[in-house]
Amino acid sequence: MSTPVIQTDAGRAGWEAIVADPATAVISSDFDGVLSPLVEDPARSRPVEGALDALARLARSVGQVAIVTARPALVATELSGVSGHPGLGQLVVLGHYGLERWDAATGKVTTAPVPAGVATARGRLPGLLAEAGVPDAFVEDKDSSLAVHTRRLDDPTGAFELLRGPMTALAEETELRLEPGNLVLELRPPGIDKGVAIRSLVESTGARSILYAGDDLGDLAAFKAIGALRSAGLSALLLATRSSNATELIEAADIVVDDPSGVVTVLTALSDAISAR
């Protein structure tokens, strides 16, 4: 398989670094919109055909394979089907933006304490949604964060804008952080994002190169963290899908693909290049 179109010199250097020394490379990816197509019901997310096999093939050569997601680690593990998958015995899932970590090697989850503000927000959300005129917005309770989805509503964009102000106020009151995404507004603990998770992953593995694949505004923190790590000498390849039409993320990427099937194509080409080296 030929090398995908890499739009930047830094991205080409990142690709070459991973191929030249895969043992010191990390392959990391979001789940929804990257390994799995976006669906209206988050509980129905499943990996696109070939995604896990592509990760497993890379896992034979690289230092670490990881999924970095906003979902609880065990939920992402169950939906992705990575538990027990041949070749993914050393994979880690960083859930809740890194608050949780699931290790395939042990099957165990470690987690940080959940701030009290999450419980306060949980109790306040039903009334807030009713007052905003969108009582049917779907609330995804992730235990340590709360995500309000408007995708299922008749006017999803209008509902999203109606909720932005009240949820910003609730975030301030409960000392949480409001993170907007693709027709979703998420309340989560401060100081936690995918950038923090990626920095921790790079430090713990001693990685010299990294590939990160994302699709949404929540992945922008990871892109920015990797950009800073590049300045410190890390080689990197940033991959974005158009699943969520996150313009800022797409513009910052080294490789852009349309959907999760495109991600599989890139990962397969990378493993082919490693095998041929």
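Hydrogens, waters and symmetry mates play no part in the numbers below; they use all other heavy atoms, side chains included.
For E175, the CD atom counts as loosely surrounded, since its 6.0 Å shell holds 12 or fewer non-hydrogen atoms of other residues, nucleotides or ligands. Annotation for D154: atom CG does not count as buried by contact number, only 12 or fewer foreign heavy atoms lying within 6.0 Å.
Shortest non-hydrogen contact noted between F31 and P47 is CE1-CG, 4.0 Å.
Between D259 and R242, none of the side-chain N atoms (NZ, or NE/NH1/NH2) sits under 4.0 Å from a carboxylate O, so this pair counts as no salt bridge. We find that D30 and K194 are joined by a salt bridge, their nearest charged nitrogen and carboxylate oxygen being less than 4.0 Å apart. One finds a salt bridge joining R208 and D21 here, because a Lys/Arg side-chain nitrogen approaches an Asp/Glu carboxylate oxygen to under 4.0 Å. Taking 4.0 Å as the cut-off between side-chain N and carboxylate O, D254 and R230 count as a salt-bridged pair. With respect to the salt-bridge test (charged N to carboxylate O, under 4.0 angstrom), the residues E173 and R124 qualify.
Partner of E179 under the salt bridge (Lys or Arg N to Asp or Glu O under 4.0 Å) criterion, chosen from K142, R164, R188: R188. Among T205, I27, V202, the single residue meeting the side chain to side chain contact (heavy atoms under 4.5 Å, CB included) criterion with Q64 is T205.
Between the side chains of D32 and S45, a donor-acceptor pair is found at a separation under 3.5 Å.
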Before giving the answer on side chain to side chain contact (heavy atoms under 4.5 Å, CB included), spell out for L35 and V48 the whole-Å C-alpha distance, their side-chain angles and the decisive distance to 0.1 Å. CA-CA 6 Å; L35 299 178; V48 72; 6.0 Å; no

